[in-house]
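Residue numbers begin at 1 in each chain, while the letters A, B, ... track the order of the sequences. Quantities reported herein were computed from a predicted structural model and do not represent experimental measurements.
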Protein chains: 4
Amino acid sequence: MKKAAIVGASGYSGEELVRLLLNHPHVELVAVTSRQSAGQTVAQVFPKFASHPKSRTLRFTEPNAELLAKQAEIVFLALPHGVAAEFAVPLTQAGCIVIDLSADFRLKSAEVYKEFYVHDHPAPELLKKSVYGLPEVYRKQIKDALLVASPGCYPTSILLPTLPLLRAKLINPNSIIADSLSGVSGAGRKAEADYLFCECNESVRPYGVPKHRHLSEIEEQLSFAAGANVTIQFTPHLIPVNRGILTTLYLAPTEHFADGAAAAAFGEKITACYQGAYATEPFIRLLDGKALPDTKNVVGTNVVEIAWRLDPRTGRLIVMSAEDNIVKGASGQAVQSMNIVCGFPETAGLV
Amino acid sequence: MKKAAIVGASGYSGEELVRLLLNHPHVELVAVTSRQSAGQTVAQVFPKFASHPKSRTLRFTEPNAELLAKQAEIVFLALPHGVAAEFAVPLTQAGCIVIDLSADFRLKSAEVYKEFYVHDHPAPELLKKSVYGLPEVYRKQIKDALLVASPGCYPTSILLPTLPLLRAKLINPNSIIADSLSGVSGAGRKAEADYLFCECNESVRPYGVPKHRHLSEIEEQLSFAAGANVTIQFTPHLIPVNRGILTTLYLAPTEHFADGAAAAAFGEKITACYQGAYATEPFIRLLDGKALPDTKNVVGTNVVEIAWRLDPRTGRLIVMSAEDNIVKGASGQAVQSMNIVCGFPETAGLV
Amino acid sequence: MKKAAIVGASGYSGEELVRLLLNHPHVELVAVTSRQSAGQTVAQVFPKFASHPKSRTLRFTEPNAELLAKQAEIVFLALPHGVAAEFAVPLTQAGCIVIDLSADFRLKSAEVYKEFYVHDHPAPELLKKSVYGLPEVYRKQIKDALLVASPGCYPTSILLPTLPLLRAKLINPNSIIADSLSGVSGAGRKAEADYLFCECNESVRPYGVPKHRHLSEIEEQLSFAAGANVTIQFTPHLIPVNRGILTTLYLAPTEHFADGAAAAAFGEKITACYQGAYATEPFIRLLDGKALPDTKNVVGTNVVEIAWRLDPRTGRLIVMSAEDNIVKGASGQAVQSMNIVCGFPETAGLV
Amino acid sequence: MKKAAIVGASGYSGEELVRLLLNHPHVELVAVTSRQSAGQTVAQVFPKFASHPKSRTLRFTEPNAELLAKQAEIVFLALPHGVAAEFAVPLTQAGCIVIDLSADFRLKSAEVYKEFYVHDHPAPELLKKSVYGLPEVYRKQIKDALLVASPGCYPTSILLPTLPLLRAKLINPNSIIADSLSGVSGAGRKAEADYLFCECNESVRPYGVPKHRHLSEIEEQLSFAAGANVTIQFTPHLIPVNRGILTTLYLAPTEHFADGAAAAAFGEKITACYQGAYATEPFIRLLDGKALPDTKNVVGTNVVEIAWRLDPRTGRLIVMSAEDNIVKGASGQAVQSMNIVCGFPETAGLV
């Protein structure tokens, strides 16, 4: 049993980490911090976990990096960007494994960070050491990482379906359009009027058009896969569900198919590409037949559903993905990375 | 055309008043105030009203009683309790008709006010002059009122079905149990974590058990009708809909019926009682046959649906009502009272 | 007062037509038909309309074209495709003005109809006489029409934002990608398991990928505007709201802008284009500043909200629209056409 | 590993049984039946379970009692009342343990069954052998049962909070009023217009007033506990959430308390009563402090939350409970009973 702590455990990602770690077979949750909840037990802050005996004894504390480094071998940071770095620096120096769910260490370029987050990177020297925590891509590097930068929810839903196609050169890198629909938990547990029930219920709306911050990590990863700078189009929308991201991708194949036979042949390449990349991945479900992704089939799980269609009328490739933004898009993926770092079975505590 | 103003127009009741008054055939909306929205047009604050020409010229201002008294003949107060009185005093002194949607002038007793609202009444001398704005009961008094205290949303849903039965002595006054289910707009447009989408969606919960503030005005009105002090049981619940209150009332008939014939005879008395009270009321819909109230049939309207059932197994009378908490439970009823005070057709601007 | 009838009045579009026509200042609703509801009053089938006196006397009947032709001057058909034509033929022959909400007369080409609807067109000779009921485009032709083919909900949300740009040659016709999000009422009031509450709530999903039937009328209209055959990409998604369509369009401008100044100049052309097309349209709201469309701002109204953004990073133009799929996307637009045909003010009964 | 089968596995309770049994540590799911899904794999019918390897090999079959008796040691019946008995008879005769989720064997009286279900009981001789599957009450009897009649969702939410009070004679048996709010899954996966998304969303409504079928088993169990015939008041309401029942109970204490001290003393008796009954129960969570039940804290779990308040103003006791209607109200409780019958740890597969 490894000892783990969660810093910033009162938000939606933090709450999900609490759930996953309370039930993890190889981890003991030894500390949870939250300025606003300090002093209360986990059961008091999250009544839904009150049936777990530990929830009635474990109390939230004020965050304190020095203390955490003594208590825990693994520390999850579920903090706003900018703040996460303040903990990552001392904790990694003290030898803790840090799994950071913020955006602070996802980019390799401190300049791009500044462009998108509008302040200097707080710890640029750590950018080289951090590993982007997308296990399906960086499993090997995660294994030896001391600092894992767990990907954003939108990036996960966009990168997993596109990276294999880009690496196989089946799509034009600069054709990518990603249209994403997110549940309201993506906005966090912030008391802002925009996210009140009556403002979101019976409402569908785009936001952050055209330059959302997640573009920075999406494009950096796509560029690595394409071996060239990639710029994409991305539009997020807010949808009245608690959880789930549905992403629809519009892609230009690198081949033009004159007839049905050519299209079918290209379709087989796509199938082979996805099968090669993901057939044995425990958390990627490639849909076949007439099935299309539906967030209700993945909510509460660490699974991403992916389906694709070639459109013979337009020559475009449509790829759709569904994930739980708080699990595979945040806390579940973070635990998956921890499992890899610690040598646990990768699915431990996630099924 | 009478000139009207709304003080506190940026909340849900205020917004609904804006909608109703922008489209009212006999009223010109001349001023809307809100500290947080001052300087913006109605169209900017409420994009949904932007197609109304006036919305693009009318700007929110800081509230100022002196100025309002010069601009408007009728002033609606959509303010928190305690604050409303600060405007009601100077405005009524200046000769304005004041329609107050807060709890400040609903009670006749300043002592009961203090018991339930935990501060001294800010203007006890005005309590005698105010009229409780339930038109189906106080139409005559509203006609001559300078200060109308528009009822709360729960009280409206409870009083309309019970008052005729009490006055006809068909039910035992101290038997009343009211179980109410309210949409989230009832909590107002407050940026509090409890009312975030993800905290309310997929959640059903009671609150304020057992002593909700609305009990004070409910019991005062019931006591007037019964001619004796009435104490009731009331449990509000929060339900994930934007609007609507569904109230189920458990009542003890004053007669016990030994058999079906006796029950049928008593049922005829109830029918006669409701018909006598409400058959010609434009905003009360007595359901017949198998129909039961459903909030979706009243949302967006000033109508209250009422149905009842006698239970031969228990001898109890079950009465159910449905209303839109923001219309008949707040702003629509306030406009209905204004129509009466001003001598407009009572349904003007409400259908 | 003109006499109007609704055939197929028990579905969602039919219900909304009932609402609009019961309250229309220049129309008397004289007949509503529905096989399943025949014999019941409007108030019984739609309790929410029960406060309208007419709802308690007007009864649903079995549909009978001959009888309808005697009763009504205007007949709305809210029927499935294929069935609508069976009524349109005799009713137009009898001299009635027919406003058809089905897909039967929206296309000029019977071949395209067969390709998309998989059966021969039931009355190809009427295709020449029908007018596509998009008032902002065909107002003049609607004026003299005897048969108006009211557009589909998705086509309305896609055509209104794109047609002016196409006509002004500001976008590449074959670049159009339309990503649409629809409320569940778009599926109609059909008792199918896919549309049960528990199957739609907490679910977000694409469907009909890549060849939805509405493509036929969208592409025909786009082709007319472009003066050449246009093929587009279209992906509909089902979202857990009752009403509303949010469409996000990805478009390639015909100009490439090397710098911010060039982009700003092109932006001014777009503004001028939309202003020229829609500045005086009563039901189109061009958003400015930071505002983006939100279905909650248009639900219950006949308004379409439109906003656009040029993305300097990708060179693309993003246009977003929001409408109520049952009002501007169906019944409201049908009433708007009726107003034009009958010489009523175009906004009569719609605000 | 015991072999288990589910008859009628395509409804909501059946689906939840599939989920629970696929993941149960001591059970192998060997057969699932459904007329409409016969031939398809579990993964095809329920894509959300597709990551479980077994879901891709296990196929739905037509239900056949003889065959099931050979395949499985334990058979769950998730069938409509009346139909369940057709399988229970041959399966129990063949020596299978039958856990029936229908109403067929919940009553001891065939006459009461006929009164409430309006047909003769199909297998009255089995009524004597069946055990009411409420483990917190009948754990000992369930241990030796061959036929467990798993309780209804409303009965579970009403009986668990009331039975200890009745047995301790703390409440008047004939005072009980139960007001229940249920998510839409309670209506089953039936393609009926009443349960379409647009008919339930933004709607709150009572139904089945005043004589719901579940009254029969509720009153039979209450009568056993009270040692006398008990008749109660029960009103179910439909609420737009997928899952969850919130029940508010209005009860008359057997003691009247003249002052606060007397009330406090009585409150201690209630606390002691609940603690005595449930302190060690793994699936009952007695709330303390200011906490009130909320369905979102129990959805997806087998837990019932219970809180109570004495109202000094009325002398009444208000008790509130929350459960997941499909888990503790159906499939989870059925698995809990199976665990007891089979000698597994009672919480196996349920946490």
For a 4.5 angstrom cut-off between non-hydrogen side-chain atoms, does D:K48 reach A:T301?
no
Is it the case that more than 12 heavy atoms not belonging to A:K3 sit under 6.0 Å from its NZ atom?
no
At a heavy-atom separation under 4.5 Å, does D:V303 approach chain A through its side chain, its backbone, both, or neither?
side chain
Which atoms of A:N201 are under 4.5 Å from chain D, going by heavy atoms: the side chain, the backbone, both sets, or neither?
side chain
Heavy-atom pair with the smallest gap, counting every atom of D:P47 and A:R285:
O-NH1, 3.0 Å
Is chain D contacted by the side chain of A:A50, its backbone, both, or neither, given a heavy-atom distance below 4.5 Å?
both
More than 12 heavy atoms of other residues, nucleotides or ligands under 6.0 Å from CZ of A:R35: is that the case?
no
OG of A:S51 to CD of D:E281, rounded to nearest 0.5 Å, is 12.0 Å
Checking A:E202 against chain D: side chain, backbone, both or neither under 4.5 Å from a heavy atom?
side chain
